[in-house]
Amino acid sequence: MAKITLDHIRHSYLPKPTRPSDYALKEVHHIWADGGAYALLGPSGCGKTTLLNIISGLITPSEGRILFDGEDVTHLPTEARNIAQVFQFPVVYDTMTVRQNLAFPLKNRRLPRDVIDKRVERVLNMLQITHLADRKAASLTADLKQNISLGRGMVREDVGAILLDEPLTVIDPHQKWQLREQLKRMHGEFGHTMVYVTHDQTEALTFADTVVVMTEGEVVQVGTPEELFLRPKHTFVGYFIGSPGMNVIPATLEGASARVGADLVSLPGGAVAPAGARIEIGVRPEFVELGGEGLPFQVTRVDDVGRERIVHGTLAGTPVSAILAEGEPLPAEPRARFKPDGINIYADSWRIEVTP
Amino acid sequence: MKTQNNRAWFLVLPVLLLVAMNAIIPLMTVVNYSLQETFGDNLFFWSGTANYEAVLSSERFHYALIRQFAYTFIILAIEIPLGVAIALAMPRSGGWASLCLVLMALPLLIPWNVVGAMWNIFALPDIGLLGYGLNWLGFDYNYTNQPLSAWFTIVLMDVWHWTSLVVLLAYAGLRSIDDAFYRAARIDGASRWAVFRYIQLPKMRQVLIIAVLLRFIDSFMIYTEPFVLTGGGPGNATTLLSIDLVKAALGEFNLGVAAAMSIIYFLMTLFVCWLFYTLMTQEDAKAEMRR
């Protein structure tokens with residue numbers, strides 16, 4: 001088990017980076033706690049795989065250091081780093097049985113036979129695949145193969161961190177849930193530090209205690225799923241997380257209210273924005289109430305998604321969506337009101353604090 | 001309520017005619033010859049299985065068959081491991097990889113009788129680079145009158161000519177292995193040997209079976225190169241099956257016996273191909289069933 005320290009890491013694939021845009025990964029400086037479950041979340045090309053490869057030792061960062069439990073491993077190769085990895089598609093040794101697959105990392109490290117047997121048995125039990133132990137690994141389904149990939153990391157006691165690189169990509173939808181539950185359970189049982197890379201917000205939010213949201217090579221927010229939902233630090237986080245994403249509406253600040261178009265919206269408190277900054281207010285559809293008062297709202301489309309209805313429309317010329325609980329009527333000429341708790345204020349896309 | 005239109009069969013007629021002309025009819029002619037005795041003047045007499053019995057009980061055929069199997073076994077035992085080893089040593093990408101591939105493909109592009117003629121001169125003890133060089137090094141080497149030298153030369157020639165094929169197939173198999181497998185093996189602490197044994201070899205299995213099959217059939221039917229190089233000699237030392245067959249058919253004009261030999265020869269090749277095919281598909285079917 002290990003604490004992972006990312007010490008001012010930057011990486012560029014160019015030999016001599018000069019401008020900030022030359023960096024595929026802009027500065028990352030974080031400490032990841034031992035035994036934590038972390039998710040790296042972002043669209044493709046956001047740098048999350050680069051960061052994962054830096055942790056696994058496939059890439060040496062252009063700048064900065066990476067430490068496992070305080071020990072500098074920046075220049076150590078993968079095999080010397082005590083990490084395990086589950087890849088996008090299942091990697092198993094085809095000619096071996098499930099048991100032999102799980103024993104392989106221990107055999108290579110020349111552990112005594114009885115120790116190997118004991119640990120393999122334990123992992124087989126944990127993964128609930130004891131009945132498959134003597135089957136050829138090649139004959140199993142993709143989700144079971146992913147279980148074995150994971151198991152090959154779990155058998156080793158020296159593993160500090162388990163890296164999961166979009167491990168559910170090739171799994172059938174109805175098995176995704178199961179496998180994710182399995183991952184969480186294994187995390188609870190063994191307590192390895194886990195780093196889960198994905199572009200799927202549901203996977204990230206349900207798996208991780210801490211989600212690292214990235215875009216364009218930059219970490220925009222590190223937080224719990226709740227923080228990402230209620231207090232997105234950047235409008236990107238607001239868009240990217242949530243379904244549908246956060247409404248971002250241009251506004252101007254007037255004391256404890258914001259002017260949207262011709263109307264005033266009252267804020268939970270006052271905020272001080274830097275002079276000349278572009279001000280927007282962000283409200284998740286969950287906090288938009290449609291009723292008889294508030295700002296005029298022109299409905300353009302209603303999507304019924306079963307448990308609730310998503311109402312799309314425009315508000316002061318900006319597209320805005322709202323969520324209506326099932327059974328709640330949609331007024332003929334609705335007006336929108338924002339719940340004060342759900343309002344965040346952004347200056348040049350970054351969130352600014354509101355003081356009551 | 002299906003409308004049947006049997007005229008569609010006419011569409012396969014050209015292929016059928018082609019196959020009939022170049023495969024079925026000649027084969028049936030051979031079957032015809034093998035069951036009869038001829039004394040010229042287009043006189044044929046039914047002889048039943050006499051020709052087959054004569055071939056199967058003749059010592060000459062037995063020795064040719066043993067030589068043939070020995071030859072095929074030796075070249076497979078050399079070319080397959082050597083081909084895999086070369087493929088493993090080749091660079092995985094970049095300009096050098098292309099250069100290696102071109103160099104590897106060169107021997108495959110040379111016509112077979114040219115290969116025989118090249119090696120004929122190359123191995124001459126008095127003027128050939130190989131023959132002269134070996135003698136200069138102190139080996140008593142002369143492929144025209146020593147059976148061992150002759151065998152050494154035809155095996156070396158085949159290895160030179162055909163190992164490339166195994167290399168190209170094995171290389172294609174290696175290139176199809178995703179990088180994640182190598183990374184997983186590094187994480188699992190696998191040695192170089194373990195990577196070969198548990199990743200590269202299993203992933204190359206299919207192409208290696210094809211390589212063995214192709215090299216088996218080709219070497220089993222080999223004629224041109226040893227014929228040009230040694231003509232089957234010295235004595236009968238390098239008289240492989242096909243050379244023996246041509247001797248019987250065209251040298252001695254023993255049509256019935258030669259035809260019976262052809263059929264036996266053909267059935268052996270067919271049997272081995274069937275064996276390989278069954279082994280290959282059985283493994284796939286098993287994998288399919290387990291799924």
Side-chain angles (χ1 to χ4, degrees), chain A residues 52-53 56-59 76-97 100-111 132 135-142 144-145 148-153 155-156 158-163 165-167 169-170, chain B residues 80-81 84-85 87-88 91-95 169-212 276 278-291:
Chain A
L52 188 81
N53 288 341
S56 76
L58 209 67
I59 294 178
L76 285 185
T78 305
E79 53 269 38
R81 280 196 185 188
N82 295 339
I83 47 133
Q85 186 160 354
V86 178
F87 296 89
Q88 242 183 51
F89 62 91
V91 174
V92 295
Y93 302 103
D94 289 343
T95 53
M96 297 187 202
T97 62
Q100 287 165 336
N101 257 282
L102 294 178
F104 190 63
L106 303 180
K107 261 194 176 152
N108 289 330
R109 290 174 174 77
R110 302 188 191 291
L111 266 69
L132 300 172
R135 284 265 296 272
K136 277 261 193 290
S139 68
L140 302 175
T141 52
L144 286 170
K145 283 183 181 172
I148 294 167
S149 299
L150 179 69
R152 278 208 314 273
V155 284
R156 286 166 52 196
D158 58 354
V159 164
I162 296 182
L163 312 179
D165 187 3
E166 309 202 8
T169 310
V170 296
Chain B
I80 300 293
V84 170
L88 285 172
R92 291 182 68 195
S93 56
L169 285 167
Y171 188 70
L174 283 174
R175 289 298 308 273
S176 70
I177 301 173
D178 194 281
D179 209 41
F181 282 91
Y182 294 114
R183 284 165 64 190
R186 274 172 68 184
I187 289 168
D188 289 340
S191 61
R192 183 69 193 83
W193 165 252
V195 169
F196 174 70
R197 169 70 186 77
Y198 297 113
I199 297 173
Q200 293 172 323
L201 201 57
K203 299 272 174 211
M204 276 195 290
R205 198 180 141 270
Q206 292 288 339
V207 287
L208 283 185
I209 288 176
I210 291 170
V212 170
F276 271 108
T278 314
L279 285 177
M280 271 166 71
T281 47
Q282 219 174 30
E283 200 62 33
D284 292 345
K286 253 193 257 164
E288 202 60 48
M289 252 166 56
R290 281 186 302 237
R291 223 158 267 151

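Just so it is clear, the model here is predicted, and its values are computed rather than measured. Below, chains carry the letters A, B, ... as their sequence lines are ordered, and counting in each starts from 1.
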| A/Phe104 vs B/Tyr198 aromatic rings, parallel, tilted or perpendicular, using cut-offs 30° and 60°? | perpendicular
| query | Heavy-atom distance under 4.5 Å to chain A: side chain of B/Ile199, backbone, both or neither? | reply | side chain
| field | Which portion of A/Leu106 sits near chain B, non-hydrogen atoms under 4.5 angstrom | value | neither
| message | Please classify the contact between A/Val86 and chain B as side chain, backbone, both or neither, with a heavy-atom cut-off of under 4.5 Å. | response | neither
| Separation of B/Phe196 CZ from B/Leu201 CG (nearest 0.5 Å) | 4.5 Å
| said: Taking CZ in B/Arg192 as the centre, count heavy atoms belonging to other residues, nucleotides or ligands within less than 6.0 Å. Is the count above 12? | reply: yes
| note | In short, A/Thr78 meets A/Leu58 closest at the heavy-atom pair OG1-N, 4.1 Å
| Residue, of A/Arg152, A/Arg156, A/Arg109, that accumulates the most heavy atom pairs under 4.5 Å with chain B | A/Arg109
